[in-house]
Amino acid sequence: MPADDAAELWKLNQRLLTRVMNAAAPQLEELGLETKEFFVLDEVDACKYPAELTRKLMLPKASVTTYLRNLVDSGLVRREIDESDLRRHRLMTTPEGQRVRAKALEALASEFSTMMARLDERDQSELRRMLLRLLETE
């Protein structure tokens, strides 16, 4: 695939994701979340330590620290001392954090479903197959 075509596909994908996030932003705000806070909240259970979040989300450490502080202050994430290494803090979502994350995912899914409705069932299935294929190495 020529570089120009690949760049265009990348930009189209980014525009689609941005459009979904922008459409869902008011619902996320109602839940007390900024967009990037949602991404941090969504990964807390998979990445138990702030450094893991920083690597996985490719965000600056200072940004992750700020988002985590906000999530902890909001009661959505709990930070505990790791008993195996007292220098580290382990993270976990609270029951309220799990509820908010589920509601935020519902909002994003709803907005994405609206866009996906423009495709017939066969095209939706093909898009799923292609995306899974592109992400196989992860």
Side-chain angles (χ1 to χ4, degrees):
M1 169 182 287
D4 288 350
D5 290 346
E8 181 183 10
L9 284 174
W10 183 87
K11 290 190 303 184
L12 289 170
N13 184 59
Q14 185 62 35
R15 282 178 42 204
L16 173 64
L17 296 175
T18 300
R19 188 174 288 176
V20 170
M21 292 304 299
N22 288 342
Q27 295 159 350
L28 295 180
E29 287 174 19
E30 285 177 21
L31 294 167
L33 288 176
E34 292 180 17
T35 302
K36 289 185 180 175
E37 287 174 346
F38 162 75
F39 288 114
V40 173
L41 177 64
D42 191 44
E43 291 296 336
V44 164
D45 289 336
C47 301
K48 299 288 187 190
Y49 302 99
E52 289 178 22
L53 282 168
T54 299
R55 282 191 302 275
K56 179 145 189 193
L57 296 173
M58 293 184 283
L59 292 171
K61 183 178 178 182
S63 296
V64 170
T65 299
T66 299
Y67 299 139
L68 282 173
R69 186 178 316 119
N70 293 343
L71 293 168
V72 168
D73 290 347
S74 299
L76 305 178
V77 170
R78 188 170 62 236
R79 185 188 300 256
E80 299 177 344
I81 300 289
D82 186 339
E83 292 300 322
S84 65
D85 183 349
L86 299 177
R87 298 168 294 171
R88 291 175 60 168
H89 285 95
R90 184 176 49 235
L91 305 166
M92 59 188 54
T93 56
T94 64
E96 179 64 7
Q98 293 167 5
R99 185 192 73 75
V100 167
R101 180 181 59 218
K103 289 285 191 190
L105 284 170
E106 285 176 24
L108 290 165
S110 175
E111 295 299 337
F112 191 67
S113 290
T114 299
M115 297 186 125
M116 289 294 288
R118 298 175 187 166
L119 302 176
D120 64 30
E121 237 178 89
R122 185 183 50 99
D123 287 343
Q124 288 180 29
S125 179
E126 183 65 8
L127 178 59
R128 172 189 286 275
R129 185 195 66 74
M130 289 186 291
L131 291 172
L132 289 170
R133 179 74 186 269
L134 289 170
L135 295 170
E136 277 179 355
T137 60
E138 287 188 352

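Here the structure is a predicted model, which means the values were calculated and not measured.
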* Structure fact -> Looking only at heavy atoms, the pair that brings Ala46 and Glu52 closest together is O-OE1, 4.0 Å
* Can you tell me if Thr54 uses its side chain to pair, donor with acceptor, with the backbone of Lys61 under 3.5 Å? -> no
* Structure fact -> What one should report as the nearest heavy-atom pair of Leu31 and Ala104 is CD1-N, 3.5 Å
* Does Ser113 reach the main-chain N or O of Ala109 with its side chain, forming a donor-acceptor pair under 3.5 Å? -> yes
* Electrostatic pair Glu96:Arg99 at N-O distance under 4.0 angstrom -> yes
* To do: Compare all side-chain heavy atoms of Val77 with those of Val40 and state whether any distance is below 4.5 angstrom.
  => no
* Find out whether Tyr49 and His89 are in side-chain contact, i.e. whether some heavy atom of one side chain is under 4.5 Å from a heavy atom of the other. => no
* Asked: By side chain to side chain donor-acceptor pair (under 3.5 Å), which residues pair with Glu111, not counting sequence neighbours?
  -> none
* To do: Would you indicate whether the side-chain heavy atoms of Pro50 and Thr65 approach each other to under 4.5 Å?
  => no
* **side-chain contact (heavy atoms from CB on, under 4.5 Å) assessment of Phe38 paired with Leu105** => CA-CA 9 Å; Phe38 162 75; Leu105 284 170; 3.5 Å; yes
* To do: Step through the shown structure and confirm whether more than 12 heavy atoms of other residues, nucleotides or ligands are within 6.0 Å of CZ on Arg79.
  => yes
* In plain terms, say whether Arg133 and Glu136 are close enough for a salt bridge, that is, a side-chain N and a carboxylate O under 4.0 Å apart. => yes
* To do: Begin from the C-alpha positions of Val44 and Leu76 and carry the test side-chain contact (heavy atoms from CB on, under 4.5 Å) through to its verdict.
  => CA-CA 10 Å; Val44 164; Leu76 305 178; over 6 Å; no
* Asked: Shortest non-hydrogen contact from Asp123 to Asp120?
  -> N-OD1, 2.8 Å
* Transitive ILVMFWY side-chain link Leu68 to Met92, under 4.5 Å -> no
* Asked: Given the rule in the side-chain contact (heavy atoms from CB on, under 4.5 Å) test, do Leu53 and Leu91 qualify, once you have shown the distances and angles that lead to the verdict?
  -> CA-CA 10 Å; Leu53 282 168; Leu91 305 166; 3.5 Å; yes
* Checking Ser125 side chain against Glu121 main chain: does a donor-acceptor pair fall under 3.5 Å? -> no
* To do: Write out all pairs satisfying side chain to side chain donor-acceptor pair (under 3.5 Å) with one or both partners inside residues 33-48, taking only residues at least two apart or from two chains.
  => Glu37-Asn70, Glu43-Lys56, Asp45-Thr93, Asp45-Arg101
* ILVMFWY network linking Leu9 to Met115, side-chain heavy atoms under 4.5 angstrom -> no
* Residue that, paired with Tyr67, satisfies side chain to side chain contact (heavy atoms under 4.5 Å, CB included) out of Leu57, Leu41, Val72, Leu59 -> Leu59
* **hydrophobic_cluster_shared for Val20 and Leu131, side chain cutoff 4.5 Å** => yes
* Asked: So if you build clusters from Ile, Leu, Val, Met, Phe, Trp, Tyr with side-chain heavy-atom gaps below 4.5 Å, do Leu135 and Phe39 land together?
  -> no
* Test side-chain contact (heavy atoms from CB on, under 4.5 Å) applied to Leu17 and Asn13, step by step -> CA-CA 6 Å; Leu17 296 175; Asn13 184 59; 3.8 Å; yes
